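Sequence lines set the chain letters: A, B, ... in the order given, protein chains first and strands last, and positions in each chain run from 1. All of these numbers come straight from a predicted model, not from anything done at the bench.
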4 protein chains.
Amino acid sequence: MKQFRSIAKTPPKGWNSWDCYGASVTEAEVKQNAVYMKNHLKEYGYEYVVVDIQWYEPTADSSLYHAFAELEMDEYSRLIPAVNRFPSAAGGAGFKPLGDYIHSLGLKFGIHYMRGIPRQAVHTNTSIMDTGKTAKDIAKPNSICPWNTDMYGVDTTKPGAKAYYRSLIDLFGSWGVDFLKVDDIADSKLYGGHLDEIAMLRQVIDESDYDIVLSLSPGPASLEHGAFLQKHANMWRLTDDYWDNWQQLYDMFERCEKWAPFVREGNWPDCDMLPLGHLGILSVDGGGSDRRTRFTQSEQRTMLTLWSLFKSPLFYGGELTDIDSWTLDLLQNEQLINMHQSGENPEQISREDDIVIWKSESSETIWLAVFNLNDSAQHVILDLKKVLKPYHFDRNELITDELEIAPHDVTVYEFKKN
Amino acid sequence: MKQFRSIAKTPPKGWNSWDCYGASVTEAEVKQNAVYMKNHLKEYGYEYVVVDIQWYEPTADSSLYHAFAELEMDEYSRLIPAVNRFPSAAGGAGFKPLGDYIHSLGLKFGIHYMRGIPRQAVHTNTSIMDTGKTAKDIAKPNSICPWNTDMYGVDTTKPGAKAYYRSLIDLFGSWGVDFLKVDDIADSKLYGGHLDEIAMLRQVIDESDYDIVLSLSPGPASLEHGAFLQKHANMWRLTDDYWDNWQQLYDMFERCEKWAPFVREGNWPDCDMLPLGHLGILSVDGGGSDRRTRFTQSEQRTMLTLWSLFKSPLFYGGELTDIDSWTLDLLQNEQLINMHQSGENPEQISREDDIVIWKSESSETIWLAVFNLNDSAQHVILDLKKVLKPYHFDRNELITDELEIAPHDVTVYEFKKN
Amino acid sequence: MKQFRSIAKTPPKGWNSWDCYGASVTEAEVKQNAVYMKNHLKEYGYEYVVVDIQWYEPTADSSLYHAFAELEMDEYSRLIPAVNRFPSAAGGAGFKPLGDYIHSLGLKFGIHYMRGIPRQAVHTNTSIMDTGKTAKDIAKPNSICPWNTDMYGVDTTKPGAKAYYRSLIDLFGSWGVDFLKVDDIADSKLYGGHLDEIAMLRQVIDESDYDIVLSLSPGPASLEHGAFLQKHANMWRLTDDYWDNWQQLYDMFERCEKWAPFVREGNWPDCDMLPLGHLGILSVDGGGSDRRTRFTQSEQRTMLTLWSLFKSPLFYGGELTDIDSWTLDLLQNEQLINMHQSGENPEQISREDDIVIWKSESSETIWLAVFNLNDSAQHVILDLKKVLKPYHFDRNELITDELEIAPHDVTVYEFKKN
Amino acid sequence: MKQFRSIAKTPPKGWNSWDCYGASVTEAEVKQNAVYMKNHLKEYGYEYVVVDIQWYEPTADSSLYHAFAELEMDEYSRLIPAVNRFPSAAGGAGFKPLGDYIHSLGLKFGIHYMRGIPRQAVHTNTSIMDTGKTAKDIAKPNSICPWNTDMYGVDTTKPGAKAYYRSLIDLFGSWGVDFLKVDDIADSKLYGGHLDEIAMLRQVIDESDYDIVLSLSPGPASLEHGAFLQKHANMWRLTDDYWDNWQQLYDMFERCEKWAPFVREGNWPDCDMLPLGHLGILSVDGGGSDRRTRFTQSEQRTMLTLWSLFKSPLFYGGELTDIDSWTLDLLQNEQLINMHQSGENPEQISREDDIVIWKSESSETIWLAVFNLNDSAQHVILDLKKVLKPYHFDRNELITDELEIAPHDVTVYEFKKN
């Protein structure tokens, strides 16, 4: 038996196809982003390349779902890549060739899957691998996703249910999948979180031969499930889909404050992808279209600082090949990377008049981030002695500091411990 | 345009197959109950013979649903009777022969239908009559019934949606259907009431050539929708399925109290079927099995009195052909029938220590029902002057009355107006 | 025993001091409005002159409450008029002289009272009339009003509680009070509705020698309590305080739709005072100050039409002595008055694209009001045949009508029955 | 500025007067328990002696509150000890003599206080120390406790509010108070948690000259406030009052599971007092009376094990002077004490069929507690390799263990790390 938390000792970093390509990403697009990551971001810790939803749907063409679309499926009720979009999957190869390619770049391969079993499998009643059971036998017929028609839930009490989920993990493992983002599971507007299927996924991954990071979507996950999620997943979402508008970023501060006690090695509450750079190429979600991020530079700094200090996973959401240098610099910022990888016990230590102070520390360093969430610049008088004293940090010369912070911007202090 | 409320000027009465046959009733069983009704109950106002759920499923065999069962369906995505259970439906005749038979007895014919369009139609993508549309075009893909797998909801904003519902009413009308019980529509534990589909049903019935009583299930309907329901249906349920146990009967008093302001000609809040006599022959719902009703005679009197005074529809749920004479007498009770048909403005006028008094009146009569909901007999001193004075009724000799009421029993007073 | 509903056979009409004077109205102001009402509105059915909240507080000076203000109170824990504001109350006369004066004008007298017993009585522990009990004995210590510090609730299960409420009604009756508006009782943001104290008030009024209309505030009352309220009060509020802004008027349509089934003789769901004419003289509530109503003339017509058709009580909220002639005409409008007094079964019969149609009818007349709730003028094609047919009204020449309705305005049709 | 969490580096242990004396404890009773603690428990880490609620009420005589009782209060609106119950407080000495006495035993002194300012102060309008303000100026008039009449809340935005709370802490500090249990603050059935007053208490304690442990009651605190509570208090309650019945103990497992992520140095989610030994002497709460604990020995072991492993504060609730030796042994149990003081990261690691396994570890030791929450004995096969492997603990000889656990009992494993 493995200890799943050790698979993700630091918060995962990488690229995800959703924010730029919606449900429609192709193999070529995945590869070009992987290559760019290898060349420019790998040395900064970015390593996961994740193919998001609907890779099994030949007709997918944006972030809008096609109700009851025909899906590519194998004889065991498992969805497989659409060959028109992923040519290397031809001949039943599945994602193995793409996985191999990504591994050949020294990167890791991730995919998305919807909770449950295809409705198409149930209505055509295909079989479950290594059992005498069929899809009808294990489907939870009145458990659906509120926003996508691909699947029925699985009734984990039914014989064959665990075999089905095991067969999925075995297939993904054989493809070289290192990271699995399961959707419609951490929260559902109809049913709340699907804890039974989360527990079953955890069990089959633990019992498998594969080390696969488990990421749960969508949010908001419930604090009531926080302790449960710590025991069952590496990442879980704090919000519904996050996009490039200030209100969502503003709200994330309160979410992070509440979830901070749950951050620990191998458990990374997830603020969602970074909607930066070139977005919405084929993704019309979040009120968007083909664009550069709507965040100002101040807001982008604020976002990266919060995500990094809080130790959220960091998945770039834009197309990498035409990233601008300012954004690339931000992703490569050493201070943020260091804080993200080695900081511990992130915590909001004060919030007054929308001046928000977060703290994190490693064995050598204390970081303080002072955010100005106001719509106008603020003059802040910071009593560093008061702020730092509780953390047993003594630097007598630093009694107070005055600073001016632009609207929606942040200033980071870094103190070396003696 | 018709005025739908005039189709049911008094609360409908009849027989329904659910309480004794669950989802599995056959043509023979329907006919034997119809014949019995004609011979023994028609003259007392019972006239509707209603075939409940799953008459389109060949494999139905109890009240338990079969997930994803194969259903009989016509080319226009409409469910049709299973010929193995309803032989007269052979050759595409549908329920026309059975409807004709019931009409020939001087009775009226009712059927049950699930809200929406068959999932089977959607996944095989059959067409919608008189349109270029298909089932996929009009299905609301993530709108399901929480307890039955037959249908998807219909998206009333889609072209073809109204045509589909119109085609249903035209089919039912051509069969001679006088009464339509639509299910999964008045309440849903997942979504609340489906008001858009209720409104569309109302519209297509109003615009059709047919007079069809519209009954909505299941409950509990929400008081928030009370005014809406008055404008759209003849009956709607106050509870989830009602069975022969005291707690459910006890709770019905509070439900009736709250819904009494909504009772008016053509609008009959519905306390559900009468689980009396021989029940559960093939219906294992409500914790039951093949049995005589678990209600005591006191409780049966109490139920019939509340239902009648409140003007609930009255549908007998047991097998009629082996009804016992005590129960038959209760159904034929003249005082209750008179109160049920001619009473107006039913109202609970007091409740103290579980002695509950209801009142109803016609132009000639005032009825008072004094219920003892306690588990022990109660001695009640009734100040009739106080109770009746507000209703402008003067009968000086009747100052007070003392009475003893058995547990769960009722005493009815009937006063003629001067 | 009286039948309380017969005390208010039609919806009460009059004037209330709150919208112009807040908590601070004086005897002179009450009298000048009474005299104006006698001279200009009495013949149109306006008859109640109501002194709203805090008449027992000498320091009241606007609609803002003074926490823990000293109140005028008699030896039996009952609040009495502040003599500095109501000089005729001097010498313990209470409101008797003012009541007599209003009666001398042929009008009726109303006052406001807060649910419960003064906190001041409890903390100084004064006595309850005709009992050996004191205020501490009957107070419900942890039942308070969320927005006013005058009172504790009364624990109706305590000996002395009923005697206290009886002593209040006896005092008010001796003053000539015809109308009692009890506040903090129909809804409370902390506790919901206080049904036990409502029931006790009903009982002591019924058992008293006085005919007093009972009006309950604030709203929104709950539909769950609708049947209860019908049995216990003449009026109850549908909303929290209503002011002269369009959004509140817009929202009232949906409230009226839901409450329409509860309208019957003696039971008048209450849309609150009419914030018209000269408002906010000393009332700063609702974001207001000394002003003419912020409603446009269209909106005023819309409001009066909805209130009248729905049979809401009609209490003018502005200062009457400087009313303008347009507004006075509106209050004296014969069609509205007739609809308000003799209409029955008010009902919203359709709402589409914010064109809302209400209907009401008397034995001789059908009224249709077509409201345009849009922010722009609308061209409406009205199929009168379709609208009126259900109401058994035949007028062949009127097949359709086309009309143009200004934004927020209304057109009323009146049809004589044959 | 102090760092408040360092004041309670391990979970506080001691005695509290509530479970045996309710609101009525006397100085003599406090002293006899303190002496016993010094002699028998101090060396095991028990050090706090806490006087619970109503010590300022001369008439308190059980756990039942007296509505609007006269309280002892100083000129600055602060409650002071009732001299008839605490004779040493005579002459304005307050709790100083009792505090000194307890300190003289080498123990620490704690008291209870209700959130807010006395209603009695507000209605007699006494002053706030060192300000020109009075109680009326700072009271939040419509903020009350749902179950006790002593106080109004304090409006923290008002001038004088902070001065009042500071004056309380200064008074308590001058008395030698080491531990302050503030009630009606962590949760309120009317208002939820009172975060503003918690924040103000934190601030005035931090700014004072005193080290005072801050404990917040009652529960259940909300997980939504978990991160906030970590920054503001040393302890907060997980439940409403906890008593000696199995259902409450059973439910505590789920509460502890959810709160475990919040346990850290100085932050001790609180399972409430230990209702053991001789209880209910003058406390009739929780359905009790004068009795020995109703918990079986198995249940007591289970409770102490859960509380200790979870690192809850441990306050004995019974009268100590007649404790039996079995119970005393339990309090002195070395394994539990060691686990309680040096364990870290308590966590429920599995729960299946009501066999619940918790884990905790120090630098040297791993503890596993296997609880049987079933009502019958259970045979458990424990795969220790599977359970311990994730914790990097290698002990090959221990592959599996079989054990029999009595109903409601527990078995603890202790493994030394290599």
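Heavy-atom pairs under 4.5 Å with chain C peak, among D/Q120, D/K136, D/R119, at D/R119.
Here the closest heavy-atom approach between residue D/T149 and residue C/P141 is recorded as CG2-CB, 3.1 Å. Residue C/N142 comes nearest to D/I144 through the heavy atom pair O-CD1, 3.3 Å, listed as atom of the first residue, atom of the second, then distance.
Heavy atoms closer than 4.5 Å to chain D are found in the backbone of C/N148, but not in its side chain. When heavy atoms are compared at a cutoff of 4.5 Å, C/Y65 does not approach chain D at all.
Heavy atoms from other residues, nucleotides or ligands lying under 6.0 Å from CG of C/D130 number 12 at most.
Taking the six-membered ring where the residue is Trp, C/H123 and D/F68 present perpendicular rings, their angle passing 60° and hence far from 30°.
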